[in-house]
Amino acid sequence: MKQHLIFTAMLFSVASSLMAQQTFNELEYSPQQTTFTLNAPSSARPVVKLFNAAGDKKPAHTLEMKAVGKDRWQVTVRKDLKGRYYAFNIGGKRGDVRQDTPGVFAKAVGVNGQRGAIIELPPFVEEEARLPQLESPADLIIYELHHRDFSIDPSSALPERVRGKYLALAEPKSIAHLKALGVNAVHILPSFDYASVDETRLDEPQYNWGYDPVNYNVPEGSYSTDPYDPECRIQEFRQMVAALHKAGIRVILDVVYNHTFDIEGSNFHKTYPGYYYRYNADGSPSNGSGCGNETASEKDLMRQFMIESMRWWVDTYHIDGFRVDLMGIHDIETMNQIKAALPEDIFIYGEGWSAGACAYPQKQLAMKANTKQLNGIAAFSDEMRDGLRGPFSDDTKGAFLAGLPGNEESIKFGVVGAVDHPQVDMSQVNYSKASWVNDPTQMISYVSCHDDMCLTDRLRASIQDIQEDELIRLDLLAQTAVLTSQGVPFLLSGEEMLRDKKGVHNSYNSPDSINRLDWDNLRRYPHVFGYYANLIALRKTHPAFRMATAERVKDNLYFLPVSQPCLIAWQLNGKAVGDSWHDIIVVLNGNREDACVDIPQGAWTIVLDNGVVRPEGLGSIQDGKAIVKAQSALILKK
């Protein structure tokens with residue numbers, strides 16, 4: 001025993017250095033030494049447990065950490081620990097093993113994220129480099145996907161080894177599909193280490209969207225080909241990013257800082273009990289997330305954690321943007337500090353709402369109504385979404401697509417990118433009575449996303465006895481509205497192949513049979529994919545559809561008078577914004593009958609009509625009268 005104590009004393013020494021520059025740099029590794037650092041209360045007795053293997057029940061060594069500042073603890077091991085595993089415990093050597101934690105900023109973990117792993121991150125390769133900056137976020141066309149949904153079905157024809165994995169997105173077939181569609185950014189649902197899928201039982205059916213964070217700064221192991229290898233998930237995630245970047249496609253990460261899987265079992269609570277969360281006056285956890293807890297972004301450590309976490313994903317994995325889950329739970333100051341800390345071209349957008357009341361003043365939260373106070377950060381427009389297909393609160397109610405009047409102003413509000421426009425009657429807009437953006441690039445335009453019915457299911461639920469031909473017409477009409485509106489367009493993966501989820505609204509843990517993409521639909525409905533791709537190409541080619549400032553929109557977008565409900569028409573001054581088409585007219589007809597719209601006199605070329613896109617022309621109009629087919633769109637150019 002005496003020899004063992006001497007040996008231990010030789011190997012481990014308490015660091016006396018000052019606090020590391022990064023507040024959450026909990027592990028600094030080199031072949032010569034490894035330094036562990038932890039933020040924990042001054043009353044804690046933190047230790048670091050070292051394990052030779054991830055599955056070892058007992059540690060090989062347990063090291064007492066020493067205070068190096070207020071609520072700051074540290075210990076250094078002067079030995080090469082590469083390949084070892086670790087856990088912190090703030091209860092001392094006799095602390096409850098159930099309170100072992102890899103800390104809040106683990107950079108690598110073992111299976112199921114229960115222990116941190118000590119590895120040396122591989123160097124960057126040139127292909128991983130971030131893409132050149134876009135002229136404006138309005139140039140983005142975002143495609144939201146879940147790793148498993150996208151590739152798990154045999155119809156994907158991808159190698160079985162990579163189905164449902166990061167590497168599926170690096171496959172040539174996947175890249176070819178995304179490029180043919182024309183999207184230039186993929187928004188991947190939560191890809192950090194999360195709780196609800198057991199990585200030791202991947203041979204059994206398991207599914208989750210992943211909105212239950214455990215380790216925020218490590219890729220999820222179930223999407224790697226070997227969750228037991230701490231380096232595998234990191235390398236394969238980076239390989240995925242490199243393949244997408246090589247194809248000119250940006251990668252946006254869905255981040256969930258607003259809550260954790262639970263409180264008691266969270267790494268936040270295990271390192272600093274009670275600090276990272278908001279509580280009501282009676283001491284109960286506030287539940288703005290609807291998941292049993294909400295984090296306190298306004299507190300110094302939580303704010304710094306969010307900033308450094310996003311910087312970690314940008315610096316280490318070359319992520320190009322972030323979608324912030326329930327952004328309305330976070331305070332405005334934190335969101336603005338995050339934006340300022342990241343490279344200028346990192347695009348940030350989020351849900352401008354919460355799922356319940358927060359224990360923090362609403363006027364200080366990053367709610368949609370407060371978007372003008374967010375410096376270049378965008379939010380989703382539920383006004384346009386629900387104006388098109390019906391309210392989120394009732395799947396059976398339709399709107400414009402169902403031929404129901406009263407939603408025209410809500411859609412017009414989306415068409416102008418949520419800016420203040422003199423021809424939009426805000427008193428008739430469904431959720432907002434004033435513009436909430438500074439510029440259209442702060443509005444995400446969409447009609448469906450993961451956490452709701454997909455578009456085809458919503459159409460079936462809200463339009464009684466809808467037939468397939470009508471469903472396809474309305475599907476194309478809806479996406480025409482999205483892709484010809486100002487702002488940043490957003491598509492749910494699979495919509496381009498008429499995806500359905502068998503009517504399931506909240507499919508967060510539904511089986512693959514509900515969530516998977518059926519790639520055979522590309523063969524069944526080639527016209528649908530072709531329309532989406534041609535419409536995206538039209539948007540990318542013509543800057544009139546993607547103006548970057550509110551001034552340009554107000555000066556160059558004019559709504560034409562129409563004679564009936566469920567009919568919206570507008571004209572764009574393309575010449576003023578450098579478009580090769582000097583004038584453009586877009587008409588959306590949600591009625592079940594053809595409609596007539598008066599247009600300015602002159603020769604107009606039809607470039608989109610009744611589900612067909614042909615930029616070189618489908619015909620011409622010269623008499624000042626445009627006939628728009630039922631449940632379809634019309635686009636004209638001069």
Side-chain angles (χ1 to χ4, degrees), residues 1-17 19-20 22 24-41 44-68 71-121 193 199-200 214-218 221 226-234 265-272:
M1 177 64 71
K2 183 177 181 180
Q3 287 181 332
H4 174 75
L5 292 173
I6 294 173
F7 174 72
T8 302
M10 293 173 61
L11 288 180
F12 307 114
S13 66
V14 176
S16 58
S17 61
M19 184 184 299
Q22 280 196 323
F24 291 96
N25 195 5
E26 293 176 335
L27 186 146
E28 288 187 276
Y29 164 80
S30 74
Q32 291 74 39
Q33 66 179 40
T34 297
T35 297
F36 298 91
T37 307
L38 189 68
N39 292 311
R45 293 170 293 149
V47 297
V48 178
K49 299 178 181 181
L50 289 175
F51 302 87
N52 292 326
D56 290 354
K57 292 184 178 181
K58 293 184 178 181
H61 302 285
T62 299
L63 318 170
E64 293 184 355
M65 305 183 77
K66 301 298 181 182
V68 293
D71 296 345
R72 187 78 168 175
W73 305 82
Q74 203 170 80
V75 65
T76 294
V77 180
R78 304 195 189 282
K79 182 185 178 182
D80 190 351
L81 295 181
K82 184 177 179 180
R84 306 280 287 277
Y85 294 82
Y86 69 92
F88 297 102
N89 193 307
I90 66 169
K93 292 184 177 181
R94 297 177 181 268
D96 187 342
V97 296
R98 293 173 297 181
Q99 298 305 306
D100 282 0
T101 170
V104 302
F105 213 100
K107 301 169 185 175
V109 295
V111 68
N112 280 333
Q114 295 174 344
R115 288 176 182 160
I118 303 172
I119 68 168
E120 191 168 17
L121 289 171
D193 186 49
E199 298 169 6
T200 68
V214 176
N215 294 295
Y216 282 92
N217 304 296
V218 187
D226 184 0
Y228 291 89
D229 180 354
E231 295 188 31
C232 180
R233 63 181 75 191
I234 294 171
S266 75
N267 295 327
F268 289 145
H269 186 77
K270 288 180 178 180
T271 57
Y272 208 133

> Of all residues at least two apart in sequence or in a different chain, which pass the side-chain contact (heavy atoms from CB on, under 4.5 Å) check with Ala54?
Replying inline: Tyr85

> By side-chain contact (heavy atoms from CB on, under 4.5 Å), which residues pair with Asn112, not counting sequence neighbours?
Replying inline: Gln114, Asp198, Glu199, Thr200

Could you tell me which non-hydrogen atom of [X] sits nearest to which non-hydrogen atom of [Y], and how far apart they are?
X	Y	result
Pro102	Asn215	CG-OD1, 3.4 Å
Val104	Phe268	CG1-CD2, 3.5 Å
Leu38	Pro46	CD2-CB, 4.1 Å
Asn89	Gln99	ND2-C, 3.8 Å
Ala108	Ile234	CB-CD1, 4.1 Å
Asp193	Gly113	OD2-CA, 3.4 Å

>> Going by the rule ring pair (Phe, Tyr, Trp, His ring centres under 6.0 Å), which residues pair with Tyr29 if we only count those two or more places apart in sequence or in a different chain?
In response: none

Report yes if the side chains of [X] and [Y] come closer than 4.5 Å at any heavy-atom pair, otherwise no.
X	Y	result
Arg72	Thr37	yes
Pro227	Arg233	yes
Thr271	Trp73	no
Thr76	Arg78	yes
Val214	Val109	no
Val77	Val48	no

Mind checking the [atom1]-[atom2] spacing from [X] to [Y]? Nearest 0.5 Å is all I need.
X	Y	atom1	atom2	value
Lys66	Gln74	NZ	CD	13.0 Å
Phe24	Asn217	CZ	CG	10.0 Å
Gln32	Asp80	CD	CG	8.0 Å

> Yes or no on side-chain contact (heavy atoms from CB on, under 4.5 Å) for Ile90 and Met65, after CA distance, side-chain angles and deciding distance?
Replying inline: CA-CA 9 Å; Ile90 66 169; Met65 305 183 77; over 6 Å; no

>> side-chain contact (heavy atoms from CB on, under 4.5 Å), that's the test. Do Leu27 and Tyr86 meet it? Break it down for me.
In response: CA-CA 10 Å; Leu27 186 146; Tyr86 69 92; 3.3 Å; yes

> Ignoring hydrogens and geometry, is there a side-chain-to-backbone donor-acceptor pair from Glu26 to Phe105 under 3.5 Å?
Replying inline: yes

> Taking only residues two or more places apart in sequence or in another chain, which ones pass side-chain hydrogen bond (donor to acceptor under 3.5 Å, both in side chains) with Arg98?
Replying inline: Asp96

> Which residue pairs pass the side-chain hydrogen bond (donor to acceptor under 3.5 Å, both in side chains) test when at least one of the two sits in residues 49-58, sequence neighbours left out?
Replying inline: Lys49-Asp100, Asn52-Arg84

> Arg115: what forms a salt bridge (charged side-chain N to carboxylate O under 4.0 Å, His left out) with it, not counting sequence neighbours?
Replying inline: none

